[in-house]
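Here is the structure we will look at.
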Protein chains: 2
Amino acid sequence: MKSLAITIRDIAREAGVSTATASRALRRLHNVDPATIARVQAVAERYDYVVSAAASRLAGGRTGSVAAITPYISRWYFSGVLSGVERVLQQAETDLLLLAAGDPDRVSRIPPIRHLARRVDGFLVLSLDPDSSALGGLLESEAPTVLVGTKWPGVPSVRIDDESAARLATQHLLNLGHRRVGMIAGRPGRSPFLAERARKRGFEAAVAGSLAGVGPPEVAYGDFTVDGGETAMNALLAQPDPPTAVFVMSDEMAFGAMRALRMHGLVVGSDVSLVGFDGHELAPMLELTTVVQPVADIGATAARMLLGRITDPGGAESPEIELQTQLVVRASSRPPRD
Amino acid sequence: MKSLAITIRDIAREAGVSTATASRALRRLHNVDPATIARVQAVAERYDYVVSAAASRLAGGRTGSVAAITPYISRWYFSGVLSGVERVLQQAETDLLLLAAGDPDRVSRIPPIRHLARRVDGFLVLSLDPDSSALGGLLESEAPTVLVGTKWPGVPSVRIDDESAARLATQHLLNLGHRRVGMIAGRPGRSPFLAERARKRGFEAAVAGSLAGVGPPEVAYGDFTVDGGETAMNALLAQPDPPTAVFVMSDEMAFGAMRALRMHGLVVGSDVSLVGFDGHELAPMLELTTVVQPVADIGATAARMLLGRITDPGGAESPEIELQTQLVVRASSRPPRD
DNA sequence: TTGTAAGCGTTATCAC
DNA sequence: GTGATAACGCTTACAA
């Protein structure tokens, strides 16, 4: 398969410079005559030439791509973040390598970082903690990395303040007058996701700081799925003294909880109040009160940060950016019956 | 930056063979002594060695990655398909390059195929027709390609039978006794998506073939979004003689339509019947009758086909695989009032 | 079946 | 500011 592709040599020859200069000009290095840059760029443009990432990488340059490591692809939060990531990378002409790690509780399916590091210029890690066995070596490798939805000392990150968002959401239920509030979280025990742990803390802090008379909260688990949310709500309703209001850690679980309530002949908002978390497209239509988080922005911001780290690894700072959330109140949360 | 990475030379030396043999052994070529293969593989394993994709590509080998070109990332259908794609590719130790093309009506954001072809071993194209300007050159390039959700002469593809699925869904409404049936499609005019055009045909065929007394169908457009579905339903209700049943081309639009009906004080299923298309997780909870399509399977199948084409380009056949759909009837579709 | 050696297309080093 | 030229790590004729 003879390669008919044109190479940097062709460009160099056509522009009347050496390949070395052509290479520099194409990368717009600073120690090149602006006139030369212009000429080379023009030729490249004319021939519709782009450097071979493989050759560039091999010679010690960039790969022109970054890897996003995510536990899931199709869940609402993750696909939303990835969408934002993609938009920014595309503009920067950087390729996106998608790696689905699968549930962190299960065996990881991610190839070792040191292998990947040869293929990409940097890493975007969604929700997974960098010390996770799935990410073995990420912290040691000096590869530019940005965390999304979690944080880690010395590593730049983009997230929301899950703890205070959860506290506010729960507080909203307490303010309405509810005294038996429950929670639907992802999974029992210590969650592998920092965000989930933070939301748990926020919920507990709100309950602990509330007026006297608030009973110990019931907690159920829905694994962040619709069906799981339904099961969890059923579990809560099976309690001797079920909560009149429930903080649910994701909108999708909240939708499932709504279904459970309906199956029990209960009316959302009247019999049991619900507050979700996410800002899912269907939240308005299902009248779900929820904490809206800017998923696409989160992804876009993280991607921009990563690109910055890649071009300027000197920036020793590791900012931890926190984006804003907003509690949007709808009919699913109302004062208790009595 | 001295590379501390171990190379094929190290492996070759350690195994007592030449780099050429090591290269062959690592790829398990057939003209290598099985004993040699075993020995080399063992050494590679021990040193945790993997070939450099960049070097391999440069030397004429595989890149070990494929590109998925998709209009959207976060919409239900696409994220579901991608999820299936990813699962298969991961097992095959093949990387996934994600390229979001954006809406085909708008200006394309995809880098020219001939550039991409240097970075990947093959293409997976979701929903976009290969003659789309966004995909300029894909058909000419001899790169292995598999289409998803569309088809094209001479190119292998994986899809469902959108036309007959739509016809069956519409027929279901007619069988219930509805005589004024409408449709909510994506966009007016000729859709850039073959699937949408096929669903339109299916709907029209059902209506055309129905008993006398069925009026000319009303059609509205919802751009495949929840909000769009709501707007479209409102448009249908504004007609002098609104339909009593509507075939909606996607579940998300159907959810929006439900919301519109509710806003008008109408009851889904009693006042107006609805049939969606997709099999969205929330369809059961919203009692939506819908055509369920196996999105993850579609992606997985396509990925497997592509991997096959890559390893064996000889397979001159271009199969057009059709996966099965299923009409799941729920409370949103019932006989008309009268 | 295995070895030798010539690239693959770029970047980095070191002169000029 | 620019030009030679040696890598970079691998695959693949061609030989043996």
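Worth saying up front: this structure is predicted, and the values here are computed from it rather than measured.
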At less than 4.0 Å, is any side-chain N or O atom of B:Ser52 found next to OP1 or OP2 of D:dG9? Yes or no. no

Using side-chain heavy atoms (C-beta onward) and a distance below 4.5 Å, is [X] in contact with [Y]?
X        : Y        : value
A:Leu126 : A:Tyr72  : no
B:Leu99  : B:Leu116 : yes
A:Ile11  : A:Ile6   : yes

If I take atom [atom1] in residue [X] and atom [atom2] in nucleotide [N], what distance separates them, rounded to the nearest angstrom?
X        : N      : atom1 : atom2 : result
A:Arg9   : D:dA4  : CZ    : P     : 13 Å
A:Arg13  : D:dA4  : CZ    : P     : 14 Å
A:Arg118 : D:dC8  : CZ    : P     : 13 Å
A:Arg119 : D:dC10 : CZ    : P     : 13 Å
A:Leu58  : C:dT11 : CG    : P     : 11 Å
B:Asn31  : C:dT2  : CG    : C1'   : 10 Å

For the pair [X] (side chain) and [Y] (backbone), establish whether a donor and an acceptor sit closer than 3.5 Å, ignoring hydrogens and angles.
X        : Y        : value
B:Ser318 : B:Gly154 : yes
B:Glu322 : B:Ile160 : no
B:Arg159 : B:Ser127 : no

Could you write nucleotides 11-16 of chain D as a row of B, S and -, 5' to 3', where a protein heavy atom under 4.0 Å of any base atom gives B, of only sugar-phosphate atoms gives S, and otherwise -? BBB---

Go through the steps to decide whether A:Arg27 and A:Ser23 satisfy the test side chain to side chain donor-acceptor pair (under 3.5 Å), and finish with yes or no. CA-CA 6 Å; A:Arg27 283 174 295 158; A:Ser23 174; 2.9 Å; yes

Looking at B:Thr145 and B:Pro156, what are the two nearest heavy atoms and their distance? O-CG, 3.2 Å

I need the residues from residues 33-40 of chain A with at least one non-hydrogen atom less than 4.0 Å from DNA chain C; give them sorted by number, or say none. none

